[in-house]
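Note that the structure is predicted; figures quoted are calculated from it, not measured.
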Amino acid sequence: GTSYVSDPLVLGTEIEKRVADTTRPVSVKGEIGAIVTSTMAQTLYKADDLGSLRALNRKKYSTVVAVASAQMAFFDYASVYLGGAYDTPLGRVFVDLPAAEKMAHSHPKVVFSDTGHTGGKEAEYSIEMVLPFLQKLIGDFRFVPVVMGSDDEGVVAGVGEALAASVNPENTLIVGCSELRFDSS
């Protein structure tokens, strides 16, 4: 309830209105396999443009991998969530455990952990900011949330290698979660 309303009906209506009020970018051609999106509340819930999120246009994906940089805690690896699900007011999004496991075992800097995913002030919130939009724009999907504990070259390369080794490009969307505001003009 602090970054967005906790009432599922109100939240769903707000998101649907934002989607309806935003035009799908005309420059988008073909299939989308990855996007980078701002996860700032003022961008997602109040700005004029949803940018890359709007480009999804209700396409179906079986798995969404969200990668975010840690903002509150720092660690020398990328944390692939070992829990079973993320909860939002719009419902539970289950972790794609086989994909998460494959990713967490494909590079030494990418590990199963709840670091950055749980723990109040220590948790990364940008994944939670974008998740309700993904629920509305994509519908039902499995989820692989990844929090990078640092921007060290080894961690960044490890996430890239883990994605390449474990993601099926046919039915997976990779979402880069950023605290930056992107101007689509």
Side-chain angles (χ1 to χ4, degrees), residues 1-69 71 80-81 83-100 103 117 123-148 159 163 166-185:
T2 57
S3 297
Y4 47 75
V5 298
S6 59
D7 181 292
L9 186 58
V10 174
L11 179 60
T13 301
E14 282 182 7
I15 292 171
E16 288 291 344
K17 182 175 179 351
R18 290 280 294 118
V19 170
D21 290 347
T22 306
T23 305
R24 184 174 192 260
V26 294
S27 61
V28 175
K29 305 278 190 266
E31 297 298 316
I32 298 172
I35 63 171
V36 176
T37 187
S38 174
T39 57
M40 296 174 63
Q42 61 267 36
T43 301
L44 290 172
Y45 292 92
K46 299 177 181 122
D48 296 331
D49 187 13
L50 288 178
S52 60
L53 277 171
R54 182 60 178 91
L56 297 175
N57 205 32
R58 315 253 190 238
K59 183 180 180 334
K60 298 294 182 194
Y61 297 91
S62 62
T63 301
V64 174
V65 179
V67 181
S69 296
Q71 303 293 315
V80 179
Y81 188 49
Y86 265 49
D87 288 319
T88 78
L90 301 181
R92 183 166 281 175
V93 181
F94 291 96
V95 172
D96 183 335
L97 288 173
M103 191 168 176
H117 300 278
E124 172 53 42
Y125 53 87
S126 66
I127 290 174
E128 289 86 354
M129 291 301 298
V130 75
L131 196 50
F133 279 90
L134 294 171
Q135 287 175 285
K136 277 296 192 181
L137 287 165
I138 297 173
D140 188 38
F141 59 90
R142 295 287 178 159
F143 193 47
V144 181
V146 181
V147 176
M148 292 180 18
V159 169
L163 286 168
S166 60
V167 168
N168 176 354
E170 296 291 318
N171 57 6
T172 300
L173 174 68
I174 300 168
V175 179
C177 300
S178 173
E179 288 297 302
L180 300 173
R181 184 185 189 295
F182 297 96
D183 186 359
S184 64
S185 56

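- Side-chain contact between Leu53 and Leu137 is present, with heavy atoms from C-beta onward closer than 4.5 Å.
- Inspection of the Thr88 and Glu128 side chains reveals no N or O donor paired with an N or O acceptor under 3.5 Å.
- Distance CG/Leu11 to CD/Gln135: 8.5 Å, rounded to 0.5 Å.
- When side chains are defined from C-beta on, Leu134 counts as touching Leu56, because their heavy atoms get closer than 4.5 Å.
- Ser62 is linked by a side chain to side chain donor-acceptor pair (under 3.5 Å) to Asn171, counting only residues two or more places apart in sequence or in another chain.
- Residues Cys177 and Ala66 share a closest heavy-atom pair of SG-CB, 4.1 Å.
- In this structure, Leu173 and Ile32 have side chains that are in contact, with non-hydrogen atoms separated by less than 4.5 Å.
- With sequence neighbours excluded, the residues forming a ring pair (Phe, Tyr, Trp, His ring centres under 6.0 Å) with Phe143 are Tyr86, listed by chain and number.
- Counting heavy atoms from C-beta on, the side chains of Met129 and Tyr4 come closer than 4.5 Å.
- Nearest heavy-atom pair, Lys60 versus Ile138, reported as atom, atom and distance to 0.1 Å: NZ-O, 2.7 Å.
- To the nearest 0.5 angstrom, Leu90 atom CG is 10.0 Å from Phe133 atom CZ.
- A 4.5 Å side-chain heavy-atom check between Ile15 and Pro132 finds at least one atom pair inside the cut-off.
- The line from CD1 of Ile174 to OH of Tyr61 is 10.5 Å long, rounded to the nearest 0.5 Å.
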Just do the side chain to side chain contact (heavy atoms under 4.5 Å, CB included) check on Met103 and Leu163 with the steps written out, would you? CA-CA 7 Å; Met103 191 168 176; Leu163 286 168; 3.6 Å; yes
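- No more than 12 heavy atoms of other residues, nucleotides or ligands lie within 6.0 Å of CG in Asp140, so this atom counts as exposed by the packing criterion.
- A 4.5 Å side-chain heavy-atom check between Val64 and Val144 finds every atom pair outside the cut-off.
- Residues forming a salt bridge (charged side-chain N to carboxylate O under 4.0 Å, His left out) with Glu170 (at least two apart in sequence, or on another chain): none.
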For Val19 and Lys136: C-alpha separation, side-chain torsions, deciding distance, then whether side chain to side chain contact (heavy atoms under 4.5 Å, CB included) applies. CA-CA 9 Å; Val19 170; Lys136 277 296 192 181; 5.8 Å; no
Please report, to 0.1 Å, the donor-acceptor pairs under 3.5 Å made by any side chain of residues 93-100, with sequence neighbours excluded.
{"unit_1": "Asp96", "atom_1": "OD1", "unit_2": "Ala99", "atom_2": "N", "d": "3.1"}
{"unit_1": "Asp96", "atom_1": "OD2", "unit_2": "Thr63", "atom_2": "OG1", "d": "2.7"}

